[in-house]
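Counting starts at 1 for both ligands and their atoms, in listed order. Throughout, residue positions are numbered sequentially from 1 according to the sequence presented.
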Amino acid sequence: MPLEGEYAPSTSDWAREQAEKIEQSGGTEGTDMQGMPVVVLTTIGNKSGKLRKTPLMRVEHDGHYAVVASLGGAPKHPVWYFNIAANPRVELRDGTDVNDYVAREVFGGEKQTWWDRAVEAYPPYADYQEKTDREIPVFVLEPA
Ligand SMILES: C[C@H](OP(=O)(O)OC[C@@H](O)[C@@H](O)[C@@H](O)Cn1c2nc(=O)[nH]c(=O)c-2cc2ccc(O)cc21)C(=O)N[C@@H](CCC(=O)N[C@@H](CCC(=O)O)C(=O)O)C(=O)O
């Protein structure tokens with residue numbers, strides 16, 4: 001069941017432009033950054049109730065996805081983290097495929113497994129974790 005609500009654009013220009021390019025092309029354009037694949041996560045704003053569309057690096061293994069709240073190694077979580085915390089129902093667009101998921105933050109060995117997969121998909125994640133004391137959260141997306 002797709003998430004319903006009014007879309008509210010990100011205040012990050014580059015992210016907004018990429019999300020809108022991907023969405024408006026039905027997932028056929030704008031789906032990479034530095035040659036690495038990008039997906040679009042849709043969350044429900046935990047304050048506005050609006051739909052937030054966030055481009056993220058694609059982290060996939062055997063048909064399962066994870067999303068990484070890295071924000072370039074900033075000291076604070078990206079606010080989409082708090083959207084998921086309040087409502088774990090999300091949508092993920094991977095190219096032309098859009099599916100519903102329930103996001104589950106992972107810890108311990110499961111997080112390490114997915115963190116290794118994330119760094120393999122997008123090596124700068126390792127640098128981001130190096131540069132911050134913040135534990136960068138990883139969510140696994142369970143099919144809804
Ligand atoms: C800039 C901010 O967005 P954010 O949710 O903090 O997310 C920051 C970034 O993670 C986001 O811009 C990502 O798309 C950046 N980004 C990646 N960010 C990552 O964290 N990980 C990635 O792998 C990643 C890859 C990536 C690839 C391409 C690209 O273009 C961007 C990429 C934003 O849009 N803020 C809005 C509010 C958004 C929001 O969700 N508001 C909530 C309330 C949130 C709250 O305050 O609790 C609501 O509507 O209720 C605002 O300031 O008005």
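Each of the atoms 6 (O), 7 (O), 8 (C), 10 (O) of ligand 1 lies under 4.0 Å from some heavy atom of P78. Atom numbering of ligand 1 starts at 1 in the shown order; those under 4.0 Å from a heavy atom of T54 are 11 (C), 13 (C), 14 (O). Close approach of ligand 1 to A15 is summarised as follows: ligand atoms under 4.0 Å from at least one heavy atom of the residue are 12 (O), 14 (O), 30 (O). Atom numbering of ligand 1 starts at 1 in the shown order; those under 4.0 Å from a heavy atom of S48 are 48 (C), 49 (O), 50 (O). The N46 neighbourhood of ligand 1 comprises atoms 43 (C), 44 (C), 45 (C), 47 (O), 48 (C), 50 (O), with distances under 4.0 Å to a heavy atom of that residue. Residue L71 has at least one heavy-atom neighbour below 4.0 Å for each of these atoms of ligand 1: 8 (C), 9 (C), 10 (O), 19 (C), 20 (O). Atom numbering of ligand 1 starts at 1 in the shown order; those under 4.0 Å from a heavy atom of S10 are 1 (C), 33 (C), 34 (O).
Cluster membership check: L71 does not share its hydrophobic cluster with L56, using side-chain heavy-atom separations under 4.5 Å among Ile, Leu, Val, Met, Phe, Trp and Tyr.
Ionic pairing of E135 and K111 is present here: one or more N-O contacts between side-chain nitrogen and carboxylate oxygen are shorter than 4.0 angstrom. The pair E110-R104 counts as a salt bridge, with a side-chain nitrogen and a carboxylate oxygen less than 4.0 angstrom apart. Salt-bridge check for D94 with R58: passed, with a basic side-chain N closer than 4.0 Å to an acidic carboxylate O.
Contacts between M57 and ligand 1, counted as non-hydrogen atom pairs separated by less than 4.0 Å, involve both the backbone and the side chain. Contacts of V68 with ligand 1, taken as heavy-atom pairs under 4.0 Å, involve the backbone alone.
Looking from atom 36 (C) of ligand 1 to the surrounding protein, the closest heavy atom is T11 OG1, 3.6 Å.
Side-chain atoms of T31 never come within 3.5 Å of backbone atoms of T28 as a donor-acceptor pair (strictly under, hydrogens ignored). A distance-only check finds a donor-acceptor pair linking the side chain of N83 to the backbone of N46 [under 3.5 Å].
The closest approach between a heavy atom of A8 and any atom of ligand 1 is not below 4.0 Å. Within the structure, ligand 1 lacks K50 among the residues with a heavy atom less than 4.0 angstrom away.
Ring geometry for H77 against F82 counts as tilted: the plane angle lies between 30° and 60°, on a 0 to 90° scale. Note: W80 and F139 have tilted aromatic rings, judged against thresholds of 30 and 60 degrees for the angle between ring planes.
One option in P55, G49, A74, P9 has a heavy atom closer to atom 14 (O) of ligand 1 than any other, and that option is P55. Of the candidates M36, K53, K47, it is K47 that places a heavy atom closest to atom 46 (O) of ligand 1. Considering each of Y128, W80, W14, Y125, the one bringing a non-hydrogen atom nearest atom 10 (O) of ligand 1 is W80.
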